[in-house]
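First the structure, in the form of structure tokens, and then the observations on it.
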Amino acid sequence: MFNLSKFESIRFSFPDLKIDNLLRAQGYRKNHNVRQVIRNAAFKSIERLREASAPQGFFFFEQIKTLKGNHLTLGSGIELDCPVFEEILGGSTHLISFILTLGKETDEKIASYAKDLDEPLASLFLETAAWLCLELVMKKARIYLTEFAVLNGMKLGKRMAPGYSYKIKKTNSRIIWNLSEQTKLFKMFKDFEISVKLLESSAMIPRMSRSGIFGIKS
């Protein structure tokens, strides 16, 4: 990764999403006697997602210029702010920003089944399957990033993302990294072609997308 550029685009294969994991996410325990019609709906949602999704990740690797308190400045001049930066990213020398997506066809497929009265569970199961799929793709991406870090004598840190909450150990309280910081994260990718767009609300299109950062320690 990042051999010729700070930017990297990776296509991922469809992950091994299990029916039981999907059912568990919908509230069905492992030892429940799940009706066959429910299992069939779960199976169909995974197969439909497999046909519609195109998992892809976009990554940007950059040196951290300064990290003081809640303020982080990258070599490009982009600045990020979060009260737990020093606690979570302390000691990091570089930052990897990422954007993952399942593609627009996944959104379209979920929307199409939301109107299907013949299959009332289709849209619900398909949307849940998509979020689970994104998490599995994130795990694959983390493996790539960990390997990159190890090969370069570095260590990959914790994942962070705008809009998520983090615990401040000193005060035992939680804070939310402001979702508006998403705009700054997307600025890192402005010179590259990516298939995810940011709305004024800081939400992403396609909706089945995720973004965030990893600190890298030397």
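Heavy-atom basis, side chains included; hydrogens, waters and symmetry copies ignored.
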Quick one: do the Ser13 and Lys140 side chains pair a donor with an acceptor below 3.5 Å? yes

Kindly determine whether Ile213 and Glu181 satisfy side chain to side chain contact (heavy atoms under 4.5 Å, CB included), including the steps that lead there. CA-CA 11 Å; Ile213 61 172; Glu181 291 276 292; over 6 Å; no

Under 3.5 Å: donor-acceptor pair, side chain of Lys217, backbone of Leu89: no

Same hydrophobic cluster for Met188 and Leu72, using side-chain heavy-atom links shorter than 4.5 Å among ILVMFWY? yes

On a heavy-atom basis, which atom in Glu127 and which in Ile110 lie closest, and how many Å separate them? CA-CD1, 3.8 Å

Min side-chain heavy-atom separation Thr73-Ile64 under 4.5 Å: no

Heavy-atom nearest pair, Lys158 first then Arg142, reads CA-NH2, 4.2 Å

Residue Phe192 excluded, over 12 heavy atoms near CZ under 6.0 Å: yes

Hydrophobic cluster identity match, Ile96 and Leu185, side-chain contacts under 4.5 Å: no

Check for a donor-acceptor pair, side chain of Trp177 on one end and backbone N or O of Pro83 on the other, with a separation under 3.5 Å. no

Hey, does the side chain of Asn178 reach the backbone of Ser180 with a donor-acceptor pair shorter than 3.5 angstrom? yes

Minimal non-hydrogen separation, Phe125 against Ala41, with atom names: CD2-C, 3.6 Å

Please round to the nearest 0.5 Å and tell me the distance separating atom CE of Met160 and atom CD1 of Ile88. 4.0 Å

Less than 6.0 angstrom separating the ring centers of Tyr144 and Phe59, yes or no? no

Flag side-chain contact, heavy atom, 4.5 Å: Met208 against Lys109: no

Could you go through Met1 and Ile10, starting from their C-alpha distance and side-chain angles, then the distance that decides it, and tell me whether this counts as side chain to side chain contact (heavy atoms under 4.5 Å, CB included)? CA-CA 10 Å; Met1 294 185 72; Ile10 300 176; 3.8 Å; yes

Spacing of CD1 belonging to Ile38 relative to OH belonging to Tyr28, to within rounding of 0.5 Å: 4.0 Å

With distance as the sole test, does Glu62 use its side chain to make a donor-acceptor pair with the main-chain N or O of Ser76 at under 3.5 Å? yes

With a 3.5 Å distance limit and no angle check, can you tell me whether Glu79 reaches the backbone of His71 through a side-chain donor-acceptor pair? no

Write down the atom of Ser202, the atom of Leu198, and the distance for their closest heavy-atom approach. O-CD1, 3.3 Å

Would you say Phe186 ends up clustered with Phe61 if hydrophobic residues are merged whenever their side chains have heavy atoms under 4.5 Å apart, either directly or through other cluster members? no

Geometric class of the Phe189/Phe7 ring pair [parallel <30°, tilted 30-60°, perpendicular >60°]: perpendicular

Roughly how far, to the nearest 0.5 Å, is the CE atom of Met138 from the CG atom of Leu145? 6.5 Å

So for atom CD, which belongs to Gln36, do other residues, nucleotides or ligands contribute more than 12 heavy atoms lying within a distance under 6.0 Å? yes

Check the surroundings of atom NZ in Lys104: do more than 12 heavy atoms from other residues, nucleotides or ligands lie under 6.0 Å from it? no

Any Leu102 side-chain heavy atom under 4.5 Å of Pro55 side chain: yes

May I ask you to decide if the ring planes of Phe214 and Phe98 are parallel, tilted or perpendicular, using 30° and 60° as cut-offs? tilted

Heavy-atom nearest pair, Ser209 first then Met204, reads O-CE, 3.5 Å

Looking at every heavy atom in both Phe14 and Arg50, which two are closest together, and how far apart are they? CD2-NH1, 3.4 Å

Same cluster or not: Leu121 versus Trp131, using hydrophobic residues (I, L, V, M, F, W, Y) connected whenever any side-chain heavy atoms lie under 4.5 Å apart? yes

What's the verdict on side chain to side chain contact (heavy atoms under 4.5 Å, CB included) for Cys82 and Ile175, showing C-alpha distance, side-chain angles and the deciding distance? CA-CA 9 Å; Cys82 179; Ile175 62 93; 3.8 Å; yes

With rounding to the nearest 0.5 angstrom, report the CG to OG1 distance, Leu67 to Thr93. 10.5 Å

Approximate separation, where rounding is to 0.5 Å, of Ile46 CD1 and Leu22 CG: 5.0 Å

Rounded to the nearest 0.5 Å, how far apart are CD1 of Ile143 and CG of Leu156? 11.5 Å

Please check if Val196 and Leu199 belong to a single hydrophobic cluster, counting links between Ile, Leu, Val, Met, Phe, Trp and Tyr side chain heavy atoms closer than 4.5 Å. no

Please walk me through it: do Phe2 and Asn152 pass side chain to side chain contact (heavy atoms under 4.5 Å, CB included)? CA-CA 11 Å; Phe2 309 116; Asn152 288 275; over 6 Å; no

